[in-house]
Each structure stands twice: as C-alpha cells, then as structure tokens.
S.K.: 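Quick one: the structure is below, questions incoming.
Order of the sequence lines fixes the chain letters, A, B, ..., with proteins taken first and strands second; residue numbering starts at 1 for each chain. All figures in this text were calculated on a predicted structure; none of them were measured in a lab.
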Amino acid sequence: MSQYWLMKSEPNEYGWDDLVAEGEGTWDGVKNAQASNNMKAMKKGDQVLFYHSRQGLEVVGIMQISEEHSPDVTTDPERWVVVKVKPLRKMGKPVPLKAMKQNPELKNLAILRQSRLSVAPVTKDEWDAILTMAGE
DNA sequence: GCCAACGTTGGC
DNA sequence: GCCAACGTTGGC
C-alpha cells in the first residue's frame with residue numbers, strides 16, 4: 001500500500017518550478033532525525049505534497065518518490081539520507097497553510113502540530129481533504 | 001526581521 | 001546523564 005507524505009522546501013532555495021525544471025530532484029539537506037526516519041520509510045511510488053515554507057506557505061503540487069533512500073553524501077553519510085522525487089502535477093489551486101489550519105479534518109496534521117518538521121506523514125483522510133481543498 | 005519551538009552539543 | 005547554551009527552522 002502506498003503511503004502519503006508532505007515535504008517542505010523554501011521556494012527561494014528549491015521550489016516547485018525548480019523540481020519541474022529538473023525533471024527529477026534529489027531531496028537532500030534534511031538534518032533531523034524524525035524527518036530522516038520518515039524518509040527511510042518512503043517507498044517508490046509514494047505520493048508527496050510539495051509545500052513552500054517561509055515564502056508562499058502553501059501546498060503547491062504533488063510529487064512521487066522515484067528512488068528510495070540512500071546515504072546523503074553531502075553530509076555525514078552515516079547519518080542522513082536522501083530520496084529522489086519526480087513532479088506529478090501542480091495543484092488545481094494551491095492550498096494555503098491558513099486554510100489547512102481552519103479545516104477541522106486536518107487538526108491532527110503533523111506539520112500543524114509540529115511546524116518545524118520538514119518531512120511528515122499524511123494520512124489518507126488528510127490527503128483526500130487537502131486534494132479536495134485544491135479543487136481536485 | 002523577530003522570536004518561539006525544538007534539536008544538538010558539550011561541560012560538568 | 002543532566003541541562004544550559006547554542007543553532008536552526010519556519011510562522012508571523
């Protein structure tokens with residue numbers, strides 16, 4: 001069974017458009033144990049919401065895990081991992097953080113409970129709710 | 001730009 | 001092994 005996730009990136013560092021331009025992106029630079037564990041649990045084909053943090057503050061698109069975790073050679077390779085992702089499609093319309101906070105269906109959403117977590121699981125129900133909000 | 005939240009580090 | 005100091009993230 002495929003799982004659902006949400007990953008954050010600052011659009012001025014690496015935004016949705018950068019991922020689309022690359023075709024396939026390597027999600028690196030994650031230096032947090034919880035986030036890293038989530039990345040290790042990702043399976044090829046899992047779907048991931050792309051969220052713009054700091055600027056934008058909205059979910060902008062959906063991507064898919066194209067390659068499961070491997071050591072992050074840009075940091076201490078014993079410790080952190082990367083995954084590879086491909087863009088699937090842009091949201092019908094972006095889903096702002098503010099709107100997600102107001103949706104009671106999303107009250108347990110991991111990133112709302114713990115804003116600093118940059119790679120977080122999303123349940124099927126939460127996924128469906130967010131896609132509905134995106135007009136899909 | 002500020003600062004709250006939270007993870008990590010290092011002296012003891 | 002505790003915990004104060006420090007660094008980083010991300011919403012505001």
S.K.: Separation of Ile111(A) atom CD1 from dA5(B) atom C1', in whole Å?
M.R.: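 After rounding, the gap between these two atoms is 15 Å.
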S.K.: Base, sugar-phosphate, or nothing for Lys98(A), non-hydrogen atoms under 4.0 angstrom?
M.R.: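 Here Lys98(A) touches no strand at all.
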S.K.: Check each of Lys8(A), Met7(A), Met91(A) against Leu49(A) using the side chain to side chain contact (heavy atoms under 4.5 Å, CB included) test, and report the only one that passes.
M.R.: Met91(A)
S.K.: Restricting to non-hydrogen atoms, name the atom on Tyr51(A) and the atom on Leu6(A) that form the minimum distance, rounded to 0.1 Å.
M.R.: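 Distance-wise, the nearest heavy atoms are CB-CD2, 3.9 Å.
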S.K.: Can we say Lys107(A) and Glu126(A) salt-bridge, meaning some charged N sits less than 4.0 Å from an Asp/Glu carboxylate O?
M.R.: no
S.K.: Pair Lys84(A), Glu22(A) - check salt bridge (Lys or Arg N to Asp or Glu O under 4.0 Å), show working.
M.R.: CA-CA 11 Å; Lys84(A) 288 193 179 177; Glu22(A) 265 194 313; over 6 Å; no
S.K.: How long is the line joining NZ of Lys8(A) and P of dC6(B), in whole Å?
M.R.: 12 Å
S.K.: Between atom CD in Gln34(A) and atom P in dG7(B), what is the gap in whole Å?
M.R.: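 To the nearest whole Å, that distance equals 7 Å.
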S.K.: Please report the distance, rounded to the nearest Å, between CE in Met100(A) and P in dC12(C).
M.R.: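 Atom-to-atom, Met100(A) to dC12(C), this comes out as 11 Å.
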S.K.: In whole angstrom, give the distance that lies between atom CG of Leu109(A) and atom C1' of dG10(C).
M.R.: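 The answer, rounded to whole Å, is 15 Å.
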S.K.: Between Gln114(A) and dG7(B), is there a contact of a side-chain N or O with OP1 or OP2 at under 4.0 Å?
M.R.: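 Affirmative; the distance criterion is met.
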S.K.: Return the value, rounded to whole Å, for the distance between atom CG of Leu117(A) and atom C1' of dA4(B).
M.R.: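 Going from CG in Leu117(A) over to C1' in dA4(B) covers 16 Å.
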S.K.: The side chain of Ser53(A) lies closest to which of these nucleotides: dG10(C), dC12(C), dT9(B)?
M.R.: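 Per side-chain heavy atoms of Ser53(A), the pick is dG10(C).
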S.K.: Among the nucleotides dG10(C), dT8(B), dC12(C), which one has an atom lying closest to any side-chain atom of Leu97(A)?
M.R.: dC12(C)
S.K.: When the distance from CG of Leu112(A) to P of dA5(B) is rounded to whole Å, what number comes out?
M.R.: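 The distance from CG of Leu112(A) to P of dA5(B) comes to 16 Å, rounded to the nearest Å.
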S.K.: Taking CZ from Arg116(A) and P from dA5(B), how many angstroms apart are they, rounded to a whole number?
M.R.: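 These atoms are roughly 11 Å apart.
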S.K.: Any side-chain N or O of Lys31(A) below 4.0 angstrom from OP1/OP2 of dT9(B)?
M.R.: no
